[in-house]
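Have a look at the structure below, then the notes.
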Number of protein chains: 2
Amino acid sequence: MEALPERNGYLPPTIYDIAKRAKVGIGTVSRVFNNHPSVSDATRKRVLKVANSLNYQPHPYARGLARKRTNSILAVIPFFTTFFFLEILQGVQEKLGELDCDLLLYGVHHPDHVESSLRQNVLRSRVDGILFFSMAMPAAFAKQYAQMKTPVVLIDTYNKDFDSLTVENSFGAFLATNHLISLGHKRIGMLNANIESLPAHQRLKGFQRAMNEAEIPIDPLYVKKSSSTKLDGFTREAGYELMKEFIALGSEMPTAIFVSSDIQASGALAALTEAGLRCPEDISIVGFDDIELASHLGITTIRQPMAEMGAFAAGRLAERMNNLNLPPTHKMFMPSLVVRKSSAPPVVRSVKQKKVSLV
Amino acid sequence: MEALPERNGYLPPTIYDIAKRAKVGIGTVSRVFNNHPSVSDATRKRVLKVANSLNYQPHPYARGLARKRTNSILAVIPFFTTFFFLEILQGVQEKLGELDCDLLLYGVHHPDHVESSLRQNVLRSRVDGILFFSMAMPAAFAKQYAQMKTPVVLIDTYNKDFDSLTVENSFGAFLATNHLISLGHKRIGMLNANIESLPAHQRLKGFQRAMNEAEIPIDPLYVKKSSSTKLDGFTREAGYELMKEFIALGSEMPTAIFVSSDIQASGALAALTEAGLRCPEDISIVGFDDIELASHLGITTIRQPMAEMGAFAAGRLAERMNNLNLPPTHKMFMPSLVVRKSSAPPVVRSVKQKKVSLV
DNA sequence: TAAATTTATGGAAGCCCTTCCAGAAAGAAA
DNA sequence: TTTCTTTCTGGAAGGGCTTCCATAAATTTA
């Protein structure tokens, strides 16, 4: 070996260095670091002492090669969205810490790139498992992964061949609508995203169920859906536009609206302010998602248990990595209601209405 | 070798499989995959054909071991904050894609945990380089990394021994203040975070410079700083409290305030609303950071070029990985002004004031 | 005390690559 | 033709670990 100084003179100690200094064989050192039971206490201590003094850390790549496991997982997340993921990742990482596992991050910049990303990064068997967020798993990969039994957990998306977890959108919408009903509202509308998208569809269902159970007829005029294809209408602009339609109803406007996302709700609020209307005095609003913005704007909303979802996903992935033959499961998470100031009991507006609401 | 089926029967092809089928040596296969020039065209084609047909991908861990490089970098980010990082990471990843490098993510959950996190995760992961975000690098690690010449780039924080990049806070504050001045404001205040923190200090400097250059005297009553230690006073609550102090000034209140962060500005706005004051009619507000919230609340603010910073950081890290002896550099990024609706020319409030402001 | 267990240990082989050296093949020069 | 170059190629060694087999040491049992 030539004298070329690697890493500028500093060469991390290897298992051989430890073995030599501790006067044991490499196998013993390895066993110590893998908590193998058949090492005597005296030896274990001696090895650890030497190892600590040299600041030895097993080389994860060498480990990975020998063990045929990488001890790391890949999170494929859409970078075109934001906060939701950070919070889930937080949960993921906490769990991964327990499992002594590293997190590789791949951010997909554009939905069309999912496929090439997967090909480039995942196939190289650099990771033991994959967390796949919020995007449809391309068919080619779904097939390949299923066949190779690559451990994959889908979050906020679904495919029958893999473990998946989603939020019970319909139940969340039910909660939101019920909240408005229990505040005493009768004229309740829904401002929805593009109904083509699954969450929008499910949230409508929940709205309908709550209304039906309360025996409040649903006025078709009060159910507005976005036709936007941009992010399926889950945008501020979409909320703004549809709220203007509600406002155009004048005195026929609902007294409360369930909006299918906080981001739309923020647009809706802007439209209200612009029209000189106040929330909740003139109209109550409930959103969905509990993004950070919602707390700042004081929007009553539906919270998805993101940290828990992250931890669960990581845990499930670990189980699957230990047993490749588990049947795919699907776990629903129950969202919860977060009450803020955008929702309140309906205010009586005129004498005529007063009579009615005195009951 | 026993018959235990690895990975459920599927064993990824190795360089030996390719070599055998292509009737070449393993060295040749390796050379093909490393674009080594001394492979004849015919051979290269043959190898690639076999490799493709078997869907061969070099094993990154074996590569890492043999090359003594891992081709991955670690991002240590504080998970107790949010959006800023995602945007920077986006820039980082884009660059890393070019460099064929992977991104490992480590989120620190609490500032106090930085040290143990680094010890646990960084030392063992043997990544080629580290991007360290927004936190002070603990002295022990700084020393060790400097000594080992571990490639480290600091983002939004500083240490003389490493490459670092920060935003010119002082210039941003200057821009913000200047904006208010050029709108015609004379009674301009600053709502600052905890002055102990570097950014707060720098932002104050920029404020002062702008005021001095415009020859507007700074009224000490108009410069309020948080004494909170929680996140150095960069919180919504801190902004809320200090704004109440401003409001208590009554008619002596400034007509415009530069707030040292958007998050504080959101609190300040809440205090204003609560007091029945309007922004910008009664008072103009300029924030700092351009977090997502700012756009929703319509806060005029100072934007940091996050994606660019990310890409730059990754590039710089790559350079350093190629030459461990580069002297540390420090790069300043220039922020820019984003005008929204929270800032407007001062409105004349009363006859008495009219006299004054007619000047 | 000898034999049979049990417990602890050393180290070779193997994980999948890269890299280097030696040598084969093909051309060029003599 | 022979000799020297140049261009390609094969494969051993090595990177740092885990694991398994063999063996040594300590205990137990007969």
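Numbered from 1 within each chain, the chains take letters A, B, ... in sequence-line order.
Take B:Ala66 and apply the side chain to side chain contact (heavy atoms under 4.5 Å, CB included) test, not counting sequence neighbours, and it matches no residue. In this view, B:Glu94 satisfies the salt bridge (Lys or Arg N to Asp or Glu O under 4.0 Å) rule with no residue, not counting sequence neighbours. In this structure, the side chain to side chain contact (heavy atoms under 4.5 Å, CB included) partners of A:His36, at least two apart in sequence or on a different chain, are A:Arg31, A:Ser38. B:Ser40 pairs by the side chain to side chain contact (heavy atoms under 4.5 Å, CB included) definition with B:Ala42, B:Thr43, not counting sequence neighbours. Under the rule for a ring-ring contact (aromatic ring centres under 6.0 Å, His included), the partners of B:Phe33 that lie at least two apart in sequence or sit in another chain are B:Tyr56. Residues passing the ring-ring contact (aromatic ring centres under 6.0 Å, His included) test with A:Tyr16, sequence neighbours excluded: none.
Note: CD (B:Gln57) to P (C:dC17) measures 10 Å, nearest angstrom. Atom-to-atom, NE2 of A:His59 to C1' of D:dT18 comes out at 15 Å; the value is rounded to the nearest Å. Between the CG atom of A:Asn71 and the C1' atom of D:dC17 there is a distance of 13 Å, rounded to whole Å. The separation between B:Ile15 atom CD1 and D:dT9 atom C1' is 14 Å, rounded to whole Å. Put simply, CG on A:Leu65 is 12 Å from P on C:dT18, counting in whole angstrom units. Between the CZ atom of B:Arg67 and the P atom of D:dG15 there is a distance of 17 Å, given to the nearest Å.
Under the 4.5 Å side-chain criterion, counting only non-hydrogen atoms from C-beta, B:Gln90 is not in contact with B:Met306. Using a 4.5 Å heavy-atom cutoff, the side chains of B:Val50 and B:Val29 are not in contact. Side-chain contact between A:Arg63 and A:Asn34 is present, with at least one heavy-atom pair separated by less than 4.5 Å.
Below the 3.5 angstrom threshold, one finds no donor paired with an acceptor across the side chain of A:Tyr61 and the base of C:dC15.
More than 12 heavy atoms of other residues, nucleotides or ligands sit less than 6.0 Å from atom CZ of B:Arg44.
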Taking only N/O atoms, report every protein-nucleotides 21-28 of chain D pair under 3.5 Å with atom names and distance.
none

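Ranking C:dC17, D:dC17, C:dT19 by closeness to the B:Ala62 side chain, first place goes to C:dC17. Of the candidate nucleotides D:dC17, C:dC15, C:dC17, C:dC15 has the atom nearest to the side chain of A:Lys68.
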Anything under 3.5 Å between a donor and an acceptor, one on a side chain of residues 71-79 of chain A, the other on a protein residue two or more places apart or in another chain? List them.
from    : atom 1 : to       : atom 2 : distance (Å)
A:Asn71 : OD1    : A:Arg69  : NH2    : 2.6
A:Asn71 : ND2    : A:Asp100 : O      : 2.8
A:Ser72 : OG     : A:Thr70  : OG1    : 3.4

Sequence neighbours excluded and cut-off under 3.5 Å, please list the side-chain donor-acceptor pairs for residues 309-321 of chain B, or say none.
from     : atom 1 : to       : atom 2 : distance (Å)
B:Arg316 : NE     : B:Asp163 : OD1    : 3.2
B:Arg316 : NE     : B:Asp163 : OD2    : 3.0
B:Arg316 : NE     : B:Thr329 : OG1    : 3.4
B:Arg316 : NH1    : B:Glu319 : OE1    : 2.9
B:Arg316 : NH2    : B:Asp163 : OD1    : 3.2
B:Arg320 : NE     : B:Asp163 : OD2    : 2.5
B:Arg320 : NH1    : B:Leu326 : O      : 3.2
B:Arg320 : NH2    : B:Asp163 : OD1    : 3.4
B:Arg320 : NH2    : B:Asp163 : OD2    : 3.2
B:Arg320 : NH2    : B:Leu326 : O      : 2.9
B:Arg320 : NH2    : B:Pro327 : O      : 3.3

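One axis for each end of the helix from C:dT1-D:dA30 to C:dA30-D:dT1, each built from five base pairs, and the angle between them comes to 50° at 10° resolution.
Within residues 18-30 of chain B, the residues that place at least one heavy atom under 4.0 Å from DNA chain D are, in residue-number order, B:Lys23, B:Val24, B:Gly25, B:Ile26, B:Gly27, B:Thr28. Near-neighbour residues of DNA chain C inside residues 33-52 of chain A, defined by a heavy atom below 4.0 Å, number-ordered: A:Ser38, A:Val39, A:Ser40, A:Thr43.
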- Task: Tell me, with the steps shown, if B:Thr14 and B:His59 meet side-chain contact (heavy atoms from CB on, under 4.5 Å).
- Result: CA-CA 8 Å; B:Thr14 72; B:His59 190 302; over 6 Å; no
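Note: A:Tyr61 and B:Tyr61 have parallel aromatic rings, judged against thresholds of 30 and 60 degrees for the angle between ring planes.
In this model, the phosphate group of D:dC17 is approached by a side-chain N or O of A:Tyr56 to a distance below 4.0 Å at OP1 or OP2.
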